[in-house]
Amino acid sequence: MVAIAFGFRHNDTLLHQLDARIKLAGLVAVSILTINANMSALVLAFFTALFLLALGKCSPLRCLFGMKWYLVLLACVLLTRTLTTPGDLLIESSWFPATRQGVFIGLLFAGRLLVIALFALLVTFTTRPSHIRSAVAWFLRPIPGIPHRQVATMIGLLVRFIPVILTQSAELDLALRARSIDNRRNPLRRLTFLGMPLLRRTFVTADRLASAMEARCYGLHGTTHQWQVTARDWSALGFLSLFCFLLVALP
Amino acid sequence: MNIIEISGLSHSYADGHIGLQQINLTIARGSFVVLAGANGAGKSTLLKHLNGLLKPLAGTVRLNGVPVEDDLLRARRMVGMVFQDADSQIVGETVYDDAAFGPENLNWPREKITESVAAALDLVGLEAMAERSPHLLSGGEKRRLAIAGVLAMQPEVIVLDEPFANLDYDGVRQILAQIVALHKAGTTIIVCVHDLEKVLAHADRLIILQEGRIAADGPPHQVVLEAEAYGVRLPAAVRLGGVVESWLR
């Protein structure tokens, strides 16, 4: 469901029209800078991400709801940092040694991960998967020894087949539960019963996929994406540079 | 005029199992051929030789007089193949991307691809779903997308392996209507089935395979009477002394 909820949605917003290369480069740059960002830069990045999601007609609330399990993970990060960082105790309790410094560092760490996820979501929501694939191929092309077209095809197939494999896994799980797999206590055995048939089905699917791609003339020389850079894209690149500068410069 | 000529075609698998034995067959341009047989009779193996997905142990397959192995790209462009499992045939992340996959591999100019994909999606009634993820389509829609992916390459022959498998009544009718429309437009159709009921009324030739050999070949109304002897179920209408009616009525 996550893959479906966070997939590309066709629309005609400014963000949808931007060049995929700029969006991908922006995502990489913002992710790298966010890893070392301080709290003020993080707050700016968080609200910018929410604003851009709204601009791309992707409800920020819906995004946060869809990320609920990821938010649980972030809450675990916050809690762990709060309880394990030495500093001034928030409450005088030996069984809950939460510190002020721990809360700050926890929020910083969880916030960084949240901002990166929101920007990644923004890119996948507003960019056609085929454009992401072409952008990856474009960035990899100058690097010698990397088969850029194959790498881009692999990314495309991964995006396409994650929901298929998840569906197959859910079907297998139901079939096993229908035959009382829940009665088995050993989790390793349960995992084997699910994992082995899933692996076999995935290989069969991959084999059929290879035949189907061959039948449709898959090869190394196909029509490539035609990039059209407009003034709007250059402006976006300018705004992106300014945003990156602010992330570094904010005290 | 024959568009496909098969002479002395034999094939065996790596484990020694014989798939096809001495197949001699010609298929006329614009014909509608039904290929039937029990499981393991060699139907899918034969189809995979038509565009070079399998290489013959002996014999040749010619398309318009040219051996398939001489120009594989031409063979795959000429003979569009729709596989039984649509889910593992769809490679695009959106309906449009999937239909464009074949034409892009053929290195066509972008304008021609756009035109061809639009026409193919329009023909199968999926033009309104061009931006949807294939994973969200129904079984019938996925099958129609698989057909569109092949149609976008503008093939002269369309080969369909069990096109009605796992489809409900409405889904079968939709796919059948597409196949009949393509045939009327002049495309050569080869449909591989093990249940004759759904498609026989539209065919002009029925070929039955058994253990890798052609067991019977001829007009459907004659050959169908022998079907049960080769492990293919006789349609109920024929069993009752009537004729098979179209599912499109």
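Side chains included, hydrogens not; waters and symmetry mates left out as well; all remaining heavy atoms used. All chains are named by letter (A, B, ...) in the order of the sequence lines, taking the proteins before the strands, and each is independently numbered beginning at 1.
Heavy atoms closer than 4.5 Å to chain B are found in the backbone of A:Thr224, but not in its side chain. Of the two parts of B:Leu72, neither the backbone nor the side chain holds a non-hydrogen atom closer than 4.5 Å to a non-hydrogen atom of chain A. In this structure, no portion of B:Pro155 lies under 4.5 Å from any heavy atom of chain A. Contact of B:Asn51 with chain A is made through the side chain alone, with heavy-atom distances under 4.5 Å.
A donor-acceptor pair under 3.5 Å is absent between the side-chain atoms of B:Arg29 and the main chain of B:Asn2, judged by distance alone. Using a distance-only test at 3.5 Å, with no hydrogens or angles considered, a donor-acceptor pair links the side chain of B:Arg76 to the main chain of B:Gly52. Side chain of A:Arg201 to backbone of A:Leu172: no donor-acceptor contact under 3.5 angstrom is found. Looking at A:Thr223, its side chain does come within 3.5 Å of a backbone N or O of B:Trp108 through a donor-acceptor pair. With hydrogens and angles disregarded, a donor-acceptor distance shorter than 3.5 Å links the side chain of B:Asn105 to the backbone of A:Arg216. At least one donor-acceptor pair under 3.5 Å links the side chain of A:Thr124 to the backbone N or O of A:Leu121.
Contact count against chain A (heavy-atom pairs under 4.5 Å) is highest for B:Asp87 among B:Val150, B:Asp87, B:Thr94, B:Leu73. Of the residues considered (B:Leu106, B:Asp85, B:Asp98), B:Asp98 shows the highest number of contacts with chain A, using heavy-atom pairs under 4.5 Å. Note: B:Glu104 leads B:Arg132, B:Glu104, B:Met81 in heavy-atom pairs under 4.5 Å with chain A.
Side-chain contact between B:Leu50 and B:Ile6 is present, with at least one heavy-atom pair separated by less than 4.5 Å.
Listed by first and then second residue, the side-chain hydrogen bond (donor to acceptor under 3.5 Å, both in side chains) pairs involving residues 6-16 of chain B are B:Ser7-B:Thr60, B:His11-B:His49, B:Tyr13-B:Thr45 (not counting sequence neighbours).
With a 6.0 Å cutoff to the six-membered ring centre and a 45° limit on the axis angle, A:Lys68 does not count as a cation-pi contact of A:Tyr70.
Interface with chain B: from residues 12-35 of chain A, no residue qualifies, criterion being any non-hydrogen pair under 4.5 Å.
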